[in-house]
Amino acid sequence: MTSKEISVSRNDGLDRYELRLDGALVGIADYQLEPDSVALTHTNMEPDFRHQGYSSRLAKFAVEDIISEGSRVKPYCTYMAAYLRKHPEY
């Protein structure tokens, strides 16, 4: 089994977080800026990459990035809401 290069970043031009494997986009988390917070509105992972921990990695990056900017997270997306319930440290 070969190890894939994983990168997660914020794409401000498209208002989303992106997870790439070996450069290929496989997951996104859309967001919407609000006056006092950032709303996470939709998360999608390509079917072949689900249930392998990639969605959690994307969620962790997004939540930590938002908090590091001094904003509150509003998890309108059901996946993000579930992630935050499982991780009360946020």
Side-chain angles (χ1 to χ4, degrees):
M1 179 179 199
T2 345
S3 175
K4 293 187 179 290
E5 181 182 330
I6 301 167
S7 67
V8 186
S9 61
R10 184 177 69 205
N11 183 332
D12 291 325
L14 295 176
D15 293 336
R16 70 184 189 189
Y17 290 91
E18 300 176 339
L19 186 136
R20 295 177 182 273
L21 294 177
D22 292 335
L25 181 64
V26 298
I28 62 160
D30 293 324
Y31 66 84
Q32 182 176 337
L33 298 176
E34 296 185 351
D36 65 339
S37 60
V38 177
L40 294 169
T41 58
H42 178 72
T43 303
N44 186 58
M45 188 65 56
E46 291 294 324
D48 289 346
F49 300 98
R50 293 178 184 162
H51 309 292
Q52 298 176 50
Y54 296 126
S55 296
S56 290
R57 187 174 279 200
L58 178 60
K60 177 180 169 75
F61 183 92
V63 169
E64 290 181 352
D65 183 64
I66 292 165
I67 292 170
S68 75
E69 296 286 323
S71 291
R72 287 183 27 232
V73 177
K74 287 188 179 176
Y76 296 144
C77 164
T78 56
Y79 180 83
M80 290 296 186
Y83 178 84
L84 288 170
R85 277 193 304 274
K86 290 178 187 173
H87 298 274
E89 66 271 20
Y90 298 118

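In this text, all values refer to a predicted model and were calculated from it rather than measured experimentally.
Ser37 and Ser71 make their closest contact through CA-CB, 4.3 Å (heavy atoms, listed as atom of the first residue, atom of the second, distance). Here the closest non-hydrogen pair linking Met80 and Ala62 is CE-CB, 4.4 Å. Closest of all the heavy-atom pairs between Gly27 and Leu25 is O-CD1, 3.5 Å.
When the side chains of ILVMFWY residues are joined at heavy-atom separations under 4.5 Å, either directly or via intervening members, Val8 and Ile67 end up in a single hydrophobic cluster. Hydrophobic clustering, with ILVMFWY side chains joined whenever heavy atoms are under 4.5 angstrom apart, groups Val63 together with Met45. Linking ILVMFWY residues whenever their side-chain heavy atoms come closer than 4.5 Å, directly or via other members, leaves Leu19 and Leu14 in distinct clusters. Hydrophobic cluster membership differs between Ile28 and Leu84, with clusters built from Ile, Leu, Val, Met, Phe, Trp and Tyr side chains linked at under 4.5 angstrom.
The backbone N or O of Ser56 lies less than 3.5 Å from a partner atom in the side chain of Tyr79, making a donor-acceptor pair. No donor-acceptor pair under 3.5 Å is formed between the side chain of Asn11 and the backbone N or O of Tyr17.
How far CZ of Phe61 is from CD of Glu18: 10.5 Å, rounded to the nearest 0.5 Å. Interatomic distance, Leu40 CG to Tyr83 OH, rounded to the nearest 0.5 Å: 11.5 Å. In this structure, the separation between OH on Tyr76 and CD on Glu34 is 4.0 Å, given to the nearest 0.5 Å. Distance check, rounded to the nearest 0.5 Å: NZ of Lys60 to OG of Ser55 gives 15.0 Å. Here the straight-line distance linking atom CZ of Arg72 with atom CD1 of Ile66 works out to 11.5 Å at 0.5 Å rounding. In this structure, CG in Leu58 is found 10.0 Å from CG in Asn44, a value given to the nearest 0.5 Å.
No hydrogens or angles considered: nothing links the side chains of Thr43 and Tyr31 as a donor-acceptor pair under 3.5 Å.
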Criterion side chain to side chain contact (heavy atoms under 4.5 Å, CB included) on Lys74 and Asp36, from CA distance to verdict: CA-CA 10 Å; Lys74 287 188 179 176; Asp36 65 339; 4.1 Å; yes
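Phe49 is listed as a side-chain neighbour of Leu21, based on a closest heavy-atom distance under 4.5 Å.
By the salt bridge (charged side-chain N to carboxylate O under 4.0 Å, His left out) test, Asp65 pairs with Arg10, sequence neighbours left out.
Under a cut-off of 6.0 angstrom, the local environment of CZ in Arg50 is crowded, with over 12 non-hydrogen atoms contributed by other residues, nucleotides or ligands.
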